[in-house]
2 protein chains.
Amino acid sequence: MSVRISQQARAVLAVLAERRCHLTAEEVLASMESIGTATVYRALDHLTEIGLVRRLALGKKSAVYEYIRDSHLHFVCNRCGAVHDIQTDMTGMIREAAKCCGHEVEWAEVTAHGLCKDCRAVWDEIPAQESVQ
Amino acid sequence: MSVRISQQARAVLAVLAERRCHLTAEEVLASMESIGTATVYRALDHLTEIGLVRRLALGKKSAVYEYIRDSHLHFVCNRCGAVHDIQTDMTGMIREAAKCCGHEVEWAEVTAHGLCKDCRAVWDEIPAQESVQ
DNA sequence: AATGAACTGAGAACGATTATCATATAGTCA
DNA sequence: TGACTATATGATAATCGTTCTCAGTTCATT
């Protein structure tokens, strides 16, 4: 595993670093011009391997990638699908819990599912009713 | 969304409940006889919707499902791919953190990645060396 | 320039999941 | 029970994210 970063991989990294959010491979592809699909996937793989980028499984169809900066957890809204970052670091606690079982944590992914702030607001506006068919 | 459970869905649930582990749709399919692929996926979807089963994104190619019992986190080994349960409940903490941002957590998924107990043991036996090509 | 290693991208291939649809089953009411 | 309707089933096709293949290109080194 080489730590060198090719031109294209650097461009992919730039997209993730600038946007500072969670992008699918397709979204990265869409926000770049003249780059092949395979190249984007390869770049994301490589960046993940060398630890500059994290591949997240947020329960959606496709994987999402984010540039690694600080430790935070992800909140995925059940209704609108939006992903929000929540600045909290639980790595230490998770590491301790795993240590008790003999496992060594490299990194941890915390994903919360529920109703986001915006959707809660919308929800409150709508009068309660049985689902109409 | 109906809460009724069909015969086949009940059978799928039984598999998950008995095995008490994380199974892919394909694994469920393989451990049953005379059931169609679509039916397994539909059953898993339905069971997930009515809250008896949880669909987990552990970062593997396919989703895994588990029968919901207690709250625990998942440890996925980078080397052997095994999934271990770790009995710890962080839901309260995660819920609080999300609450601060206005989000309402329904459930949370904690996945730790690293080297599992068994693989650490193997690792320790092998003398350190540069990767030979 | 010459050599070989690594990178690229178009398109094929793959694999997990979902959609389709004709048939079968379950549920309901007369 | 029989008739009728809604729902479930499963074989198969279709979809879609991702990976593979391979010929051509770029890069690094000499």
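In the text below, chain A, chain B and the rest are named by the order of the sequence lines, each starting its count at 1.
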Can you check whether Ile35(B) reaches Val28(B) side chain to side chain, under 4.5 Å on heavy atoms?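 No; the side chains remain at least 4.5 Å from each other.
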
Apart from Ile68(B) itself, which Ile, Leu, Val, Met, Phe, Trp or Tyr residues share its cluster (side-chain heavy atoms under 4.5 Å, direct or through members)?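 In the cluster with Ile68(B) there is nothing else; it is isolated.
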
Other than Trp107(A), which residues form its hydrophobic cluster under the rule that side-chain heavy atoms must be closer than 4.5 Å?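 Besides Trp107(A), the cluster holds Leu56(A), Leu58(A), Val64(A), Val76(A), Val83(A).
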
Round to a whole Å and report the spacing from CG of Leu29(B) to C1' of dT9(D).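 Rounding to the nearest Å, CG of Leu29(B) and C1' of dT9(D) are 14 Å apart.
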
Just the rounded figure in Å: distance from P of dT7(D) to CD1 of Ile5(B).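 Result: 17 Å.
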
Closest heavy-atom pair and its distance - Arg55(B), Ala63(B):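 The answer is CG-CB, 4.0 Å.
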
Tell me, which pairs form a salt bridge (charged side-chain N to carboxylate O under 4.0 Å, His left out) where one or both residues lie in residues 81-102 of chain A, sequence neighbours left out?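 The answer is Arg69(A)-Asp85(A).
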
Ser6(B) near the nucleic acid: base, sugar-phosphate alone, or nothing, with a heavy-atom cut-off under 4.0 Å?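 Sugar-phosphate, backbone atoms only, no base.
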
Nucleic acid contacts of residues 15-23 of chain B, taken as heavy-atom distances under 4.0 Å to DNA chain D: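 Of all residues in residues 15-23 of chain B, none places a heavy atom under 4.0 Å from DNA chain D.
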
Does atom CD of Gln87(A) have more than 12 heavy-atom neighbours from other groups under 6.0 Å away?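 For Gln87(A), atom CD is crowded (more than 12 foreign heavy atoms under 6.0 Å).
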
Could you tell me which residues satisfy side chain to side chain donor-acceptor pair (under 3.5 Å) with Thr37(A), sequence neighbours excluded, listed by chain and number?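 Not a single residue meets the side chain to side chain donor-acceptor pair (under 3.5 Å) criterion with Thr37(A).
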
List in chain and number order the residues that pass side chain to side chain donor-acceptor pair (under 3.5 Å) with Glu106(B), two or more places apart in sequence or in another chain; answer none if no residue qualifies.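 With neighbours one apart ignored, the set is Asn78(A).
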
Tell me, please, which residues at least two apart from His22(A) pass ring pair (Phe, Tyr, Trp, His ring centres under 6.0 Å).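 With sequence neighbours excluded, His22(A) shows a ring pair (Phe, Tyr, Trp, His ring centres under 6.0 Å) to His74(A), given in chain and number order.
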
I'd like the 5' and 3' limits of the part of DNA chain C contacted by chain B, with heavy-atom contacts below 4.0 Å.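 The footprint of chain B covers dA16(C) to dG27(C).
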
Quick check: is Val40(A) connected to Leu52(A) through a chain of hydrophobic side chains (ILVMFWY, heavy atoms under 4.5 Å apart)?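 Linked within one cluster.
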
Can you check salt bridge (charged side-chain N to carboxylate O under 4.0 Å, His left out) on Glu104(A) and Arg120(B), steps first, answer last? CA-CA 8 Å; Glu104(A) 188 183 318; Arg120(B) 281 181 67 191; 3.3 Å; yes

Could you give all pairs that pass the ring-ring contact (aromatic ring centres under 6.0 Å, His included) test and reach residues 83-106 of chain A, with sequence neighbours left out?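 Every ring-ring contact (aromatic ring centres under 6.0 Å, His included) pair that includes a residue of residues 83-106 of chain A, provided the two are not neighbours, is His84(A)-His103(B), His103(A)-Phe75(B), His103(A)-His84(B).
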
Pairs flagged by side-chain hydrogen bond (donor to acceptor under 3.5 Å, both in side chains) wherever residues 3-20 of chain A is involved - sequence neighbours left out: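 The answer is none; no pair qualifies.
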
Which angle, to the nearest 10 degrees, lies between the helix axes at the two ends of the helix from dA1(C)-dT30(D) to dA30(C)-dT1(D), each defined by five pairs?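 For the helix from dA1(C)-dT30(D) to dA30(C)-dT1(D), the axes at either end differ by 30°.
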
Mark up nucleotides 14-30 of chain D, 5' to 3', with B wherever a protein heavy atom is under 4.0 angstrom from a base atom, S wherever such an atom reaches only the sugar-phosphate, and - elsewhere. ---SBBBB------S--

